[in-house]
2 protein chains.
Amino acid sequence: MQVTGTATQILDVAQELVQTRGYNAFSYKDLEARVGIRTASIHYHFPTKADLGTAIAKRYRDFVNSKFAEYEAKEVTAPKRLQRYAGLLESVLTKGNRICVGGMLASDYATLPLEVQTEVSAFIHDNERWLARVLKEGRAAGELAFDGTPEVLATTLFSALEGAMFVARSTGDHGRYRRTAEWLIGTLMSPRVAARRR
Amino acid sequence: MQVTGTATQILDVAQELVQTRGYNAFSYKDLEARVGIRTASIHYHFPTKADLGTAIAKRYRDFVNSKFAEYEAKEVTAPKRLQRYAGLLESVLTKGNRICVGGMLASDYATLPLEVQTEVSAFIHDNERWLARVLKEGRAAGELAFDGTPEVLATTLFSALEGAMFVARSTGDHGRYRRTAEWLIGTLMSPRVAARRR
DNA sequence: TCATACCTACCTACTGATAGGTTATGGTCA
DNA sequence: TGACCATAACCTATCAGTAGGTAGGTATGA
C-alpha cells in the first residue's frame with residue numbers, strides 16, 4: 001500500500017474537479033477514468049457523493065488551518081502573514097485555474113448536502129477568525145492601520161480575495177487577483193510602514 | 001395576451017434558479033412545473049440550454065447597465081453612486097437569498113457554453129468600467145481618496161461585493177454583505193486615507 | 001478464512017433534445 | 001361569406017446518454 005492510497009487519490013482528483021467545475025458539474029463517471037477504477041469501486045471508498053464532498057471540504061479546511069499555523073510560525077509581522085495568505089490563494093489560482101474549495105462550494109451552497117454546507121460555513125468561519133486575529137494584532141503592533149473592527153475587515157478581505165479568484169478566471173487575467181490582493185494589503189499598511197516601503 | 005409573455009416568464013423563473021442554484025443545478029424539468037408548460041414547449045422558446053443561459057445573461061447585463069445610467073442621472077456624487085451600486089446587489093441578496101447573475105455564472109464559468117462565457121466576461125467588464133469611471137471622477141472631484149489606479153480599485157470593489165454575497169449566503173448572515181460594502185465605501189471617503197495621499 | 005479492494009452488471013430517475021401531432025388565431029381570396 | 005392556409009404555441013411520446021447508487025461476485029494477501 002502506497003503512502004497515497006486510492007482514497008487519497010480519489011480525493012485529489014475529485015478536489016480538482018470541485019475547484020475547476022464545481023460540486024454539481026462533476027460525477028463519479030468523471031473520476032473513473034482519471035483514478036483508474038470503476039465508479040462502483042469509488043462508491044466503496046465514498047458511499048455517497050455527500051461523503052465525498054464532506055471529505056474534500058474537511059481535508060481542505062485542515063490544510064488551510066495548517067497553513068495558518070505555518071504562517072504564524074514563519075512570519076512575525078501582520079503584513080507578511082497577510083501576504084502569505086493572499087499568496088496561498090494565488091497559487092491555487094495559478095495552478096490549473098483552480099478556485100479555492102471553500103469559495104467554490106460557497107457558490108454551490110444552496111444545492112449542497114447538509115453536512116457539506118456545515119463544513120463550508122466552518123471553513124469561512126476559520127478563515128475570518130484567523131484573519132481577524134492577524135489584523136487585530138497587526139494594528140496593536142502599529143504594523144497596520146484601518147478603520148472599523150478587525151472582524152468586519154476580515155470578512156471584507158476574505159470576500160474580496162475569493163471574489164477576485166472568480167473574476168480573474170472569468171476574464172482570463174490572473175493579474176487581476178494579484179493587483180486586488182496588493183491593493184488591499186497596501187491600503188492596510190500604516191503610513192509609517194507604507195512610507196518605508198516606498 | 002398577458003403583458004409578460006411566456007418567454008419572459010421562462011426567463012424570470014430560469015434566472016431565479018440560476019441565481020439560487022447555479023447554471024448546472026437547474027433543468028428544463030425544474031422550469032416545467034413553475035412556468036406551467038412542458039419542457040418541450042420551453043425548448044420551443046429556447047431551443048437549447050445555451051440559448052436560455054445566453055438570454056438570461058444578456059438581459060441581466062442590460063438591466064444592470066440601465067441601473068448605471070439611472071444612478072448617474074439621480075446621484076451627483078461618487079460616494080452616493082457607489083452606495084446605490086452596493087445597494088442594488090444587496091437587494092438581490094435580500095430578495096430570496098439570490099446571488100448576482102454575473103457572480104454566479106462566473107463561478108460556473110469553466111462549464112458554461114462559449115456564448116454564455118462571453119456574456120459573463122462582458123458583464124464583468126461593464127461593471128468594472130463603470131466603477132472605474134465613477135472612482136476616477138470621484139477622486140478628481142475630491143469626494144474620494146485612494147491609492148492606486150481606478151481600474152485596480154474597480155476590480156477590487158467588484159470582487160469584494162460579489163464575494164461578499166457568497167459569504168453572506170453561506171453564513172446565513174446578510175449583515176456580512178452590508179458591513180463589507182460600508183467598510184469599502186467608508187474607507188474610500190476616509191480623511192485618513194485622503195491625508196495619507198498628500 | 002476472512003477482510004480489503006476491486007469488478008461486472010444492473011437499477012431508477014433524470015438530462016437536454018427531437019419528432020410529429022393538435023389547437024387557436026388571423027389573413028387571403030374566389 | 002366561407003373555404004383555405006400559415007403560423008404560433010402548445011402538446012405527447014420518445015430518444016440516447018448520464019446521474020448517483022446497489023447487488024453480488026472475485027482476486028489477493030495477512
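Just so we're on the same page: letters track the sequence lines, and every chain starts at 1.
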Notebook entry, point to check: How about A:F166 and B:F166: are their ring centres within less than 6.0 Å of each other?
Noted result: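 Here the rings of B:F166 and A:F166 have centres that are less than 6.0 Å from each other.
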For the residue pair [X] and [Y], confirm or rule out a side-chain donor-acceptor distance under 3.5 Å.
X	Y	result
A:D51	A:T48	yes
A:Y85	A:N127	yes
A:R59	A:Q15	yes
A:Y23	A:S107	no

Checklist line | A:I42 CD1 to D:dA19 P, straight-line distance once rounded to whole Å | finding: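 Rounded to the whole Å, the gap is 12 Å.
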Checklist line | Atom-to-atom span, NE2 of A:H45 to P of D:dT22 - whole angstrom | finding: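 One finds 16 Å between P of D:dT22 and NE2 of A:H45, rounded.
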Using OP1 and OP2 only, check whether a side-chain N or O of [X] sits under 4.0 Å from [N].
X	N	result
B:Y44	D:dC10	no
B:S41	D:dA9	no
B:T6	D:dC10	yes

Notebook entry, point to check: Looking at the side chain of A:H43, which of C:dA5, D:dG21, D:dA9 is the nearest nucleotide?
Noted result: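 Closest nucleotide to the A:H43 side chain: D:dG21.
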Check: Which ones in residues 27-40 of chain B lie close to DNA chain C, meaning a heavy atom under 4.0 Å from one of its atoms?
Finding: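 Output list: B:S27, B:Y28, B:K29, B:A40.
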Notebook entry, point to check: Parallel, tilted or perpendicular for B:Y60 and B:F63, by the 30°/60° rule?
Noted result: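 The rings of B:Y60 and B:F63 sit tilted, inter-plane angle from 30° to 60°.
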Next item on the list: Classify the nucleic acid contact of B:F26 as base, sugar-phosphate or nothing, counting any heavy atom under 4.0 Å across all strands shown.
Entry: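 Sugar-phosphate: the residue B:F26, judged by heavy atoms under 4.0 Å, touches backbone atoms but no base.
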